[in-house]
Amino acid sequence: MELPPYATLGQRVWHYTFLVICGLIFFFLIAPILTIIPLSFNAENFFTFTPGMLAFDPDAYSLRHYEDFFTNSQWQAAMWNSIKIAPVATLISVALGTLAAVGLSQSHVPFRRAIMAILISPMIVPLIISAAGMYFFYSRLGMQGTYWGVVLAHAALGIPFVIITVTATLVGFDRSLTRASANLGAGPVRTFFKVQMPLILPGVISGGLFAFITSFDEVVVVLFVGSAGQKTLPWQMFIGLREQISPTILAVATILVILSIMLLTGVELLRRRSEKMRGLSPG
Amino acid sequence: MSSATGPDAFTGATPDNAIRDADRAGKSGGAMLAADGTPLKASLAKSLRAQKLRALALIAPLLIFIMVTFIAPIADMLFRSVENDIVSQTLPRTVVELDRWDGEGVPDEQTFRALGADLMVASELKNHTRLGSRLNYETTGVSSLFRQTGRDVDDLGEIYADQFIDLNEAWEEPSTWMSLMADPAWIENHEAWAAQEDEDETPEPRFRVSPTAQQALPRTARLFSQFATIIQTEDEDSPTEEEPWNIVYQALYEDLTGGYDAGAYGGDIQALLANAAEAAASFEQMNVRDFFVEEIDEDWADPQVWGTIEAFSSPYTAGYFLSAIDMQLTPQGIEAQPEDQQIYMLLFQRTMFMSMTIMISCILLGYPIAFLLSNLPLRTSNLLLILVLLPFWTSLLVRTSAWKVLLQQQGVINDILVWIGLVADGNRLELINNQTGTIIAMTHILLPFMILPLYSVMKTIPPHYVRAAKSLGATNWTAFWRVYFPQSIPGIGAGSILVFILSIGYYITPEIVGGTTGTFISNRIAYHISTSLNWGLAAALGSILLAFVLLLYYLYDRIVGIDNVSLG
């Protein structure tokens with residue numbers, strides 16, 4: 001993107017205009033998320049910058065919305081529900097998903113394309129349709145409005161992510177390692193846990209992180225499949241946004257942004273580690 | 001071991017040579033043997049089969065899991081969009097009688113008698129209101145008609161009950177009805193049950209009607225058996241202690257006056273029945289049709305109501321799908337909904353239009369970014385990529401709340417515009433609760449899904465093509481438009497389909513920032529599930545949307561391939 005020294009004036013103008021346009025688009029991408037962080041420290045119950053905040057008056061900032069989040073029983077109940085649902089759903093997705101991904105990566109799998117299409121389908125079907133179907137079907141089974149109903153629904157939604165990341169990791173897997181392990185006397189189970197698993201672990205964990213964020217972030221399905229007893233954090237935020245909007249939402253949002261930055265870093269580190277282990281990238 | 005010939009440089013025991021040897025050996029008659037003495041081909045086939053089975057065994061648990069938790073619900077939804085057994089289950093007799101109706105005028109007395117019996121049973125089971133609200137989706141007013149009828153239907157047949165009881169008091173006694181109707185085996189069971197000390201512990205055996213009664217008095221037997229079952233299940237009483245409904249007497253009257261076979265019973269019962277049959281011929285009669293039309297509600301004379309019942313009497317219906325495309329199933333056939341009730345085509349069009357707009361905005365905003373990222377040195381572009389990935393990873397609710405806060409009339413964007421002086425304070429822009437709000441917020445939310453596939457395609461475009469074009473005299477614009485852009489089209493295709501698929505099914509964001517004009521078809525589906533409780537219509541709308549998404553997904557698979565879905 002360097003401008004050659006012989007560029008004409010028109011080219012220069014266009015080059016810088018292009019950079020400004022890109023800058024504006026980046027601003028569009030990131031500004032909304034960054035704006036809510038200072039707003040969450042607002043001392044008033046407003047959703048905009050007060051004159052005091054613009055003048056950097058320390059009194060205009062406060063932690064009261066965070067305090068509200070950590071003391072309000074509704075928000076706390078929602079937080080605990082999220083903490084109870086997401087890890088269990090993730091565990092189911094990862095356990096079943098990894099096993100199936102290992103199966104799918106074998107050289108001779110009958111109906112591979114059809115199976116893959118079915119396993120990926122929860123990611124393709126619009127959430128509202130999944131939610132509607134699950135609501136109808138789970139009410140027939142009496143699982144609508146139960147903890148396990150929500151957990152199983154979320155596990156199903158997280159599975160495509162595990163399948164995709166783990167099969168991608170297995171593409172570069174050196175099969176002679178399992179043969180060597182079998183040659184040395186290890187059974188298939190031992191080979192899986194001692195040889196294959198450590199090598200594909202980065203892929204498994206990043207698939208797990210995707211599955212976790214899917215469940216933790218999910219609101220449409222839980223809205224229909226769950227009942228008041230399974231009210232999760234996104235659900236509570238959804239209610240808050242629709243009915244009684246309070247700046248506590250911004251405090252929660254800020255906490256979630258920090259959480260997603262942590263997850264993003266985690267996935268990125270795992271990706272690099274996995275590529276290094278498979279020798280795909282030098283650095 | 002024979003040696004390999006031709007291009008194979010290796011001689012001796014390579015797998016290829018072994019297979020070729022086995023082939024040759026097989027052709028010449030003597031089979032090549034594996035170490036355990038079985039023919040090599042069979043042994044290889046066996047191990048291949050074992051491998052396939054092992055792979056399937058690993059996949060099976062997940063496949064079953066997805067089938068149960070995900071595919072079955074989707075299938076259930078598709079089924080619900082055509083399922084319609086409520087009419088034929090609630091009004092079984094009426095549906096049969098209606099076959100004779102020609103669609104003109106009011107059905108005959110026979111049909112009204114069947115309707116009376118069906119509604120009596122339904123009102124005891126409290127099913128008639130459900131049926132009423134189902135049919136109300138098709139013809140307004142049916143719901144209140146059914147509720148009203150449910151209240152009055154008790155009186156039907158009272159005139160016959162009184163006459164039977166006047167004739168002989170025994171007709172009032174539940175015991176008479178038991179000996180007339182109950183299966184002898186059931187009576188034995190019941191006596192054994194009644195003789196128990198703790199009869200409250202075990203439930204009373206379920207009533208069974210006797211074959212004799214079914215044959216001799218078919219209508220009475222059917223209705224009485226329903227009466228007995230309802231007494232047992234709904235009221236938790238015993239049919240041995242309750243006088244039957246009035247309408248059972250009417251059924252008895254119909255049976256006795258219409259070709260009754262006197263020889264089926266013996267003893268006292270025969271005498272009682274013979275007496276009743278003789279007297280019934282001169283009973284004061286009651287016209288059920290007049291009772292319905294004049295006493296209960298004159299709407300029962302409306303062919304529209306009957307037409308609706310008939311149109312929805314089959315166990316499957318296209319009615320929900322027709323409603324979903326603004327048509328309706330009327331007694332006269334399929335026709336368009338009245339102008340003021342046509343909303344779904346408009347909603348589908350709006351969903352398409354807004355998804356297109358969002359897709360195009362994503363292309364316009366995503367293309368420069370992807371271009372910039374793919375032309376910068378790796379270190380810088382990785383850094384800038386974080387700015388794309390951070391929104392991608394941030395909770396959807398967080399991004400939606402951010403836009404709700406920013407776009408409000410008293411929100412940050414309007415504040416800034418007023419402060420700059422672009423907009424007068426009293427004239428703040430309406431950016432939320434309309435289409436503008438939905439388009440802005442969803443473009444922001446879906447932009448990473450456009451940038452990432454575009455970027456991965458652009459990264460693979462070799463830079464020297466553009467350089468070659470320029471060295472051959474192309475201007476910057478020609479080099480871009482004729483050389484670079486065509487090579488980036490696969491990325492645009494992949495990103496566009498992805499964004500489009502995601503946006504037509506969106507629910508949360510339109511619900512929060514869309515107001516009434518910026519909502520999608522998914523919001524209507526949610527409304528029918530949780531507010532209007534018209535599940536069939538919700539299922540039909542969902543099925544149409546699903547079919548559309550699957551079509552797009554098929555295109556995506558053709559253009560990009562499912563296996564190439566990459567995450568971040």
Side-chain angles (χ1 to χ4, degrees), chain A residues 1 11 21-22 25-26 28-30 32-33 35-36 39 47-48 96-97 99-100 102-104 106 108-110 115-120 122 124-129 132-137 152-153 156 159 164-165 210 217 219-220 224 234 237-238 241-242 249 253 256-257 260 263-264 267, chain B residues 48 51-52 55 58-59 61-63 65-66 69-74 76-77 80 365 368-369 372 375-376 387-391 393-399 401-406 408 410-412 415 444 447 505 507-508 512 522 525-526 529 535 538 542 545-546 549 553 562 565 567-568:
Chain A
M1 280 312 275
Q11 281 170 342
I21 292 173
C22 287
I25 299 171
F26 276 122
F28 171 71
L29 268 170
I30 213 77
I33 299 173
T35 319
I36 56 171
L39 279 179
F47 283 99
T48 187
L96 293 175
L99 207 63
V102 171
L104 279 170
Q106 312 262 320
H108 302 284
V109 184
I115 292 176
M116 198 69 179
I118 291 174
L119 297 185
I120 303 288
I124 308 301
V125 174
L127 276 175
I128 186 73
I129 294 177
M134 286 170 168
Y135 177 71
F136 296 146
F137 188 67
L152 292 183
I159 274 165
I164 288 173
T165 50
F210 271 106
D217 215 19
V219 51
V220 186
F224 287 99
M237 288 178 81
F238 179 67
L241 282 175
R242 212 163 50 164
I249 287 177
L256 290 181
V257 168
S260 50
L263 284 174
L264 173 62
V267 169
Chain B
L48 187 66
Q51 224 176 33
K52 281 186 182 174
L58 288 170
I59 301 168
L62 181 66
L63 201 59
F65 181 80
I66 288 285
T69 58
F70 189 79
I71 303 293
I74 298 289
D76 187 29
M77 185 193 75
R80 266 184 205 266
L365 295 183
I369 294 294
L372 181 76
N375 282 299
L376 282 175
L387 296 183
V388 179
L389 288 176
L390 181 62
W393 273 93
T394 307
S395 164
L396 170 68
L397 261 298
V398 170
R399 285 180 281 169
S401 355
W403 283 111
K404 177 122 182 168
V405 169
L406 290 176
Q408 283 179 27
Q410 303 301 322
V412 176
D415 278 358
H444 175 252
L447 192 50
Y507 166 62
I508 294 295
I512 289 174
S522 23
I525 297 177
I529 295 176
W535 289 5
L545 186 59
L546 180 67
V549 168
Y553 176 55
I562 321 172
V565 184
L567 302 165

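In the text below, chain A, chain B and the rest are named by the order of the sequence lines, each starting its count at 1.
Taken to the nearest 0.5 Å, the CH2 atom of Trp393(B) stands 13.5 Å off from the CD1 atom of Ile33(A). Note that the CG atom of Leu397(B) and the CG atom of Leu256(A) stand 8.5 Å from one another [nearest 0.5 Å]. Remark: Leu387(B) CG to Cys22(A) SG distance equals 12.0 Å, nearest 0.5 Å. Between Ile115(A) atom CD1 and Leu63(B) atom CG the span is 5.5 Å, to the nearest 0.5 Å. The distance from atom CG of Leu264(A) to atom CG of Leu389(B), rounded to the nearest 0.5 Å, is 5.5 Å. Between atom OG1 of residue Thr69(B) and atom CE of residue Met134(A) there is a gap of 5.5 Å, rounded to the nearest 0.5 Å.
Proximity to chain A (any heavy atom under 4.5 Å) is shown, for Val412(B), by both the backbone and the side chain. For Ile71(B), the part sitting under 4.5 Å from any heavy atom of chain A is the side chain, from C-beta outward, and nothing else. Looking at Ile512(B), only its side chain comes within 4.5 Å of chain A, counting heavy atoms on both sides. The part of Ile36(A) that comes within reach of chain B is its side chain, from C-beta onward, which places non-hydrogen atoms under 4.5 angstrom from that chain. Residue Leu546(B) touches chain A through both its backbone and its side chain, counting heavy-atom pairs closer than 4.5 Å. With a 4.5 angstrom heavy-atom cutoff, Leu365(B) touches chain A via backbone and side-chain atoms both. Leu390(B) touches chain A through backbone and side chain together, each having a heavy atom under 4.5 Å away. Only the side chain of Ile159(A) has a heavy atom closer than 4.5 Å to any heavy atom of chain B.
The distance between the ring centers of Trp535(B) and Phe137(A) does not fall below 6.0 angstrom.
Interface summary for chain B: among Val109(A), Leu99(A), Thr35(A), Leu39(A), the most heavy-atom pairs under 4.5 angstrom belong to Leu99(A). The candidate with the highest count of non-hydrogen atom pairs below 4.5 Å against chain B, out of Phe136(A), Phe238(A), Tyr135(A), is Phe136(A). Chain A forms the most heavy-atom pairs under 4.5 Å with one residue out of Ile508(B), Leu406(B), Val388(B), and that residue is Ile508(B). Contact count versus chain A (heavy atoms, under 4.5 Å) is highest, among Arg399(B), Gln410(B), Met77(B), for Met77(B). Ranked by non-hydrogen atom pairs under 4.5 Å with chain B, the options Ile21(A), Leu263(A), Val220(A) are led by Val220(A). For chain B, the option among Met237(A), Gln11(A), Gln106(A) with the highest count of heavy-atom pairs below 4.5 Å is Met237(A). For the set Leu152(A), Val102(A), Val257(A), Ile129(A), the entry with the most heavy-atom pairs within less than 4.5 Å of chain B is Ile129(A).
Of all heavy-atom pairs spanning His108(A) and Gln51(B), the tightest one is CD2-OE1, 3.0 Å. Across every non-hydrogen atom of Ala132(A) and Ile529(B), the tightest pair is CB-CD1, 3.4 Å. Taking both residues in full, the closest heavy atoms of Ser395(B) and Asp217(A) are given as OG-OD1, 2.5 Å, listed atom of the first, atom of the second, then distance. The heavy-atom pair separating Ala526(B) from Ile128(A) by the smallest distance is CB-CD1, 3.9 Å. In terms of heavy atoms, Gly505(B) sits closest to Pro126(A) at CA-CB, 3.7 Å. A pairwise comparison of heavy atoms in Leu62(B) and Gly97(A) identifies CD2-CA, 4.1 Å as the closest pair.
Looking at Lys404(B), its side chain does come within 3.5 Å of a backbone N or O of Leu241(A) through a donor-acceptor pair. Listed for the His444(B) side chain is a donor-acceptor partner under 3.5 Å among the backbone atoms of Leu29(A).
Within the 4.5 Å cutoff, the side chain of Ile120(A) has heavy atoms near those of the Tyr553(B) side chain. Side-chain contact between Val125(A) and Ile74(B) is present, with heavy atoms from C-beta onward closer than 4.5 Å. Taking the side chain as every heavy atom from C-beta outward, Phe28(A) and Leu447(B) approach each other to under 4.5 Å.
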